[in-house]
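From a predicted model like this one, the values you see are computed outputs, not experimental measurements.
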Amino acid sequence: MAASYESRIRCLEGLNLQIGFWHDPEGVLNSEKIKSVIAIDGPAASGKSTIGRMLANHLVFLFLDTGCMYRAVTLAVLQRGIDIDDEAAVVDLTESVELDILPPWGKKDGRLYTVLLDGQDVTWDIRTSEVDSNVSQVSAYKGVRQNLVDRQRNLAKRGSVVVVGRDIGTVVLPEAPLKLYIIASTEERAYRRWIEQRNREKSLTYDQILADMIRRDRIDGNREHSPMRPAKDAVIIDTTGLSPEQILDQILTLDYFHALGESR
Ligand code: DC
């Protein structure tokens, strides 16, 4: 399914997302555009972002990792010294911050995209263990979710997009024709996160990461608003012991991709 030069350029232009400025609470997807929306959910470090990014590259679709939006808001809360238990203040802050997600544009430090928070590059600052430990609480607040879900729907209504998160198939885009739910064993997920983080935070141990992951899974899966769970029609993909390439190959055999190829 080779993408033309023109469509690649269109995609890159489309990736320049100034999401902080867009607020359309309706966020309606028309029936044509919805055909090219892929929803991917799953727990932390299940491989969903890596797979989502590879799939988006393969299809020349936009890639939207919604977790980075919850992380950026959490970072803003921590940086501004806002009490994380003060739900109203956290929601106010969410509504006021400007969030941009841009392509990596030549940055060769392993980033999948660049995240700007009020104009500052926070791509790696949102990946610290401090943000990890607080993001589940921030993302459990209803007002935070409402604001970020509006922004996410707004982006997705352009179509040709792979959207990754926890509630994409169940709440954000339940109309998506392909919903994937990516899982892996908790131990493998903790190991992947430890490998990813050990250069940036040398003192962090595998056991600490494992304990935090179990705690976050519990909060994300049991929260009142939009708990993490597969949509009824989601395809469950277990990535334990598989390489990203093997997983992508497995996903591309799904019927959806035959239909998509014919309609492009
Ligand atoms: O995928 P991640 O680890 O970067 O996500 C960070 C947190 O954001 C995660 O603990 C739960 C929350 N999140 C969410 O509640 N809903 C989403 N659609 C995406 C992430």
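- Residues L254 and L173 are members of one and the same hydrophobic cluster, defined by side-chain heavy-atom contacts under 4.5 angstrom among Ile, Leu, Val, Met, Phe, Trp and Tyr.
- Using a distance-only test at 3.5 Å, with no hydrogens or angles considered, a donor-acceptor pair links the side chain of T205 to the main chain of Q208.
- Taking 4.5 Å as the limit, every side-chain heavy atom of R200 sits out of range of all side-chain heavy atoms of T128.
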Evaluate the side-chain contact (heavy atoms from CB on, under 4.5 Å) criterion for residues L116 and L99: first the C-alpha distance (whole Å), next the side-chain angles of each, then the deciding distance (0.1 Å), finally the verdict. CA-CA 6 Å; L116 300 185; L99 295 174; over 6 Å; no
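- Heavy atoms of other residues, nucleotides or ligands lying less than 6.0 angstrom from CD of Q246 number more than 12.
- In this structure, M54 and I251 have side chains that are not in contact, with every pair of non-hydrogen atoms separated by 4.5 Å or more.
- In this model, no donor atom of one side chain and acceptor atom of the other lie less than 3.5 Å apart for N199 and K202.
- Remark: I51 CD1 to I237 CD1 distance equals 9.0 Å, nearest 0.5 Å.
- Taken together through direct or relayed side-chain contacts under 4.5 Å among Ile, Leu, Val, Met, Phe, Trp and Tyr, V122 and V77 form part of one hydrophobic cluster.
- In plain terms, the two heavy atoms of R80 and L93 that are nearest each other are NH1-CD1, 3.1 Å.
- Between V37 and I34, the closest side-chain pair of non-hydrogen atoms falls below 4.5 Å.
- Side-chain contact between V162 and L62: absent, with no pair of heavy atoms (C-beta onward) separated by less than 4.5 Å.
- Taking each heavy atom of A45 and R193 in turn, the nearest pair found is N-NH2, 3.6 Å.
- R153 is listed as a side-chain neighbour of V172, based on a closest heavy-atom distance under 4.5 Å.
- Listed for the T123 side chain is no donor-acceptor partner under 3.5 Å among the backbone atoms of T114.
- Note that OG of S139 is 5.0 Å distant from CZ of R223, once rounded to the nearest 0.5 Å.
- Between R111 and D109 there is a salt bridge, since a side-chain N of the basic residue sits under 4.0 Å from a carboxylate O of the acidic one.
- Take S185 and apply the side chain to side chain contact (heavy atoms under 4.5 Å, CB included) test, not counting sequence neighbours, and it matches E187, E188, T240.
- For the pair E201 (side chain) and S129 (backbone), a donor-acceptor distance under 3.5 Å is present.
- We find the CD1-CZ distance between I214 and R189 to be 8.5 Å, quoted to the nearest 0.5 Å.
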Distance-only criterion, 3.5 Å: show the donor-acceptor pairs between side-chain atoms of residues 65-76 and protein atoms not counting sequence neighbours.
residue: D65; atom: OD1; partner: G67; partner atom: N; Å: 3.1
residue: D65; atom: OD2; partner: S49; partner atom: OG; Å: 3.3
residue: D65; atom: OD2; partner: Y113; partner atom: OH; Å: 2.6
residue: T66; atom: OG1; partner: V164; partner atom: O; Å: 2.6
residue: Y70; atom: OH; partner: R145; partner atom: NH2; Å: 3.3
residue: R71; atom: NH1; partner: I126; partner atom: O; Å: 2.9
residue: R71; atom: NH1; partner: D132; partner atom: OD1; Å: 2.9
residue: R71; atom: NH2; partner: D132; partner atom: OD1; Å: 3.1
residue: T74; atom: OG1; partner: Y70; partner atom: O; Å: 2.7

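- By the 4.5 Å heavy-atom criterion applied to side chains, R229 and D167 are not counted as neighbours.
- When every heavy atom of G47 is checked against every heavy atom of R192, the shortest pair comes out as N-NH1, 3.7 Å.
- Within the 4.5 Å cutoff, no side-chain heavy atoms of E98 are placed close to those of L117.
- A cation-pi contact links R198 to W194, judged by a cut-off of 6.0 Å to the six-membered ring centre and 45° from its axis.
- No chain of hydrophobic side-chain contacts below 4.5 Å, direct or via other Ile, Leu, Val, Met, Phe, Trp or Tyr residues, connects M228 to Y141.
- Residues D220 and R215 are not paired through a salt bridge, judged by the lack of any N-O separation under 4.0 Å between the basic side chain and the carboxylate.
- Judged purely by distance below 3.5 Å, without hydrogens or angles, the side chains of D85 and Q137 pair a donor atom with an acceptor atom.
- Heavy atoms from other residues, nucleotides or ligands lying under 6.0 Å from OH of Y191 number 12 at most.
- With sequence neighbours excluded, the residues that form a side chain to side chain contact (heavy atoms under 4.5 Å, CB included) with I236 are Y181, I183, P230.
- To the nearest 0.5 Å, the span separating CD1 on I38 from CD1 on I40 amounts to 6.5 Å.
- In this structure, L148 is not a member of the same hydrophobic cluster as I219, with clusters built from ILVMFWY side-chain heavy atoms closer than 4.5 Å.
- Note: R127 CZ to E196 CD = 6.5 Å, rounded to the nearest 0.5 Å.
- Checking side-chain atoms of D86 against main-chain N and O of I82 turns up no donor-acceptor pair under 3.5 Å.
- Hydrophobic clustering, with ILVMFWY side chains joined whenever heavy atoms are under 4.5 angstrom apart, groups L178 together with I182.
- Of the possible polar contacts, none joining the S46 side chain to the G42 backbone as a donor-acceptor pair under 3.5 Å is found.
- Panel note: side chain K35, backbone P177; no donor-acceptor pair is recorded below 3.5 Å.
- Rounded to the nearest 0.5 Å, atoms CG (D207) and CG (D212) are 12.5 Å apart.
- Counting heavy atoms from C-beta outward, V163 and F63 have side chains that stay 4.5 Å or more apart.
- Using a 4.0 Å cut-off between a side-chain N of Lys or Arg and a carboxylate O of Asp or Glu, D41 and K48 do not qualify as a salt bridge.
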